[in-house]
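Report on the structure given below.
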Amino acid sequence: MIERSTADKSPASDPRREMLWQVLAAIPPGRVSSYGRLAQLAGLGRGARLVGRWLGQLPDDTSLPWHRVLNSQGQLSLPADSPSGQEQYQRLLAEGVIIRNRRVNMARYGWPDSL
DNA sequence: AACATGGCTGCTT
DNA sequence: CAAGCAGCCATGT
């Protein structure tokens, strides 16, 4: 029998997100990763955009390092003028990540290194 | 169900 | 290096 429990659609109980949070939490301070990589690592395949969407839905008080996620080119994907964009910039800066022209050296800060 | 929208990517101009 | 284009995939109308 295939039954639908009343609470199997709760985003918070979505196992895919759980995976993502886990991978996300694994990014060391001072390092960065990309939406695509995280998607891959979290078993979301090509769900890069999905990762972005979900990150955007994280609560403000989250302890997850959402700011360590950039696009595949190592650039901050958030609009520079948005609050979140500034936040991300500042946080990375605070972790010692060198950002030049809204972009970081992925070869150096990219995580995981083995690829 | 069709269509538009994303915190994307990779390939080609 | 910037811009265009075509895949990708969950969500929202």
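Values reported hereafter were calculated over all heavy atoms of this structure, with side chains retained and with hydrogens, waters and symmetry mates removed. Every chain is numbered from 1, with letters handed out A, B, ... down the list of sequences.
For Arg91(A), the side-chain hydrogen bond (donor to acceptor under 3.5 Å, both in side chains) partners are His67(A), Glu87(A), not counting sequence neighbours. With sequence neighbours left out, Ser33(A) forms a side-chain contact (heavy atoms from CB on, under 4.5 Å) with Ile27(A), Arg37(A), Leu38(A), Trp111(A). For the side-chain contact (heavy atoms from CB on, under 4.5 Å) test, residues two or more places apart in sequence or in another chain that qualify with Gln73(A) are Asn71(A), Gln75(A). Residues satisfying the salt bridge (charged side-chain N to carboxylate O under 4.0 Å, His left out) test with Arg31(A), not counting sequence neighbours, are Asp113(A). Judged as a side-chain contact (heavy atoms from CB on, under 4.5 Å), and not counting sequence neighbours, the contacts of Thr62(A) are Leu58(A), Pro59(A), Leu64(A), Trp66(A).
Within 4.0 Å (heavy atoms only), Leu55(A) reaches at least one base atom of the nucleic acid. Within 4.0 Å of Ser84(A), counting heavy atoms only, lies no atom of the nucleic acid at all.
Within the hydrophobic cluster formed by Ile, Leu, Val, Met, Phe, Trp and Tyr side chains joined at under 4.5 Å, directly or through other members, Ile99(A) is accompanied by Val32(A), Leu70(A), Leu76(A), Tyr89(A), Leu92(A), Leu93(A), Val97(A), Ile98(A), Val104(A), Met106(A), Tyr109(A).
For Leu20(A) and dC9(C), the CG to P distance is 16 Å, given to the nearest whole Å. Across the protein-nucleic acid pair, Tyr35(A) atom OH and dC9(C) atom P stand 19 Å apart, rounded to whole Å.
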Distance-only donor-acceptor hits, side chain of residues 45-53 of chain A, under 3.5 Å, sequence neighbours excluded:
none

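Remark: DNA chain B takes part in the stems B:2-6 with C:9-13, B:8-13 with C:2-7, each of 3 or more antiparallel Watson-Crick or G-U pairs, criterion distances under 3.5 Å.
Annotation: salt bridge (Lys or Arg N to Asp or Glu O under 4.0 Å) contacts involving residues 60-78 of chain A, sequence neighbours excluded, comprise Arg68(A)-Glu95(A).
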Close N/O contacts between protein and nucleotides 6-8 of chain C (under 3.5 Å):
residue: dG7(C); atom: O6; partner: Arg49(A); partner atom: NH1; Å: 3.4

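Side chain of Gln88(A) to backbone of Val69(A): a donor-acceptor contact under 3.5 angstrom is found.
Nucleotides of DNA chain B lying under 4.0 Å from heavy atoms of chain A occupy a range whose first and last members, 5' to 3', are dT5(B) to dG10(B).
The stretch residues 56-78 of chain A has no heavy atom under 4.0 angstrom from DNA chain C at all.
Atom CZ of Arg102(A) sits in a crowded spot, with more than 12 heavy atoms from other residues, nucleotides or ligands closer than 6.0 Å.
Between Pro65(A) and Ala25(A), the shortest heavy-atom distance links the atoms CD-CA, 4.1 Å.
Look at the P atom in both dA6(C) and dG7(B): the space between them is 22 Å, to the nearest Å.
At a threshold of 4.5 Å between side-chain heavy atoms, the hydrophobic network of Ile, Leu, Val, Met, Phe, Trp and Tyr places Tyr35(A) and Met19(A) in two separate groups.
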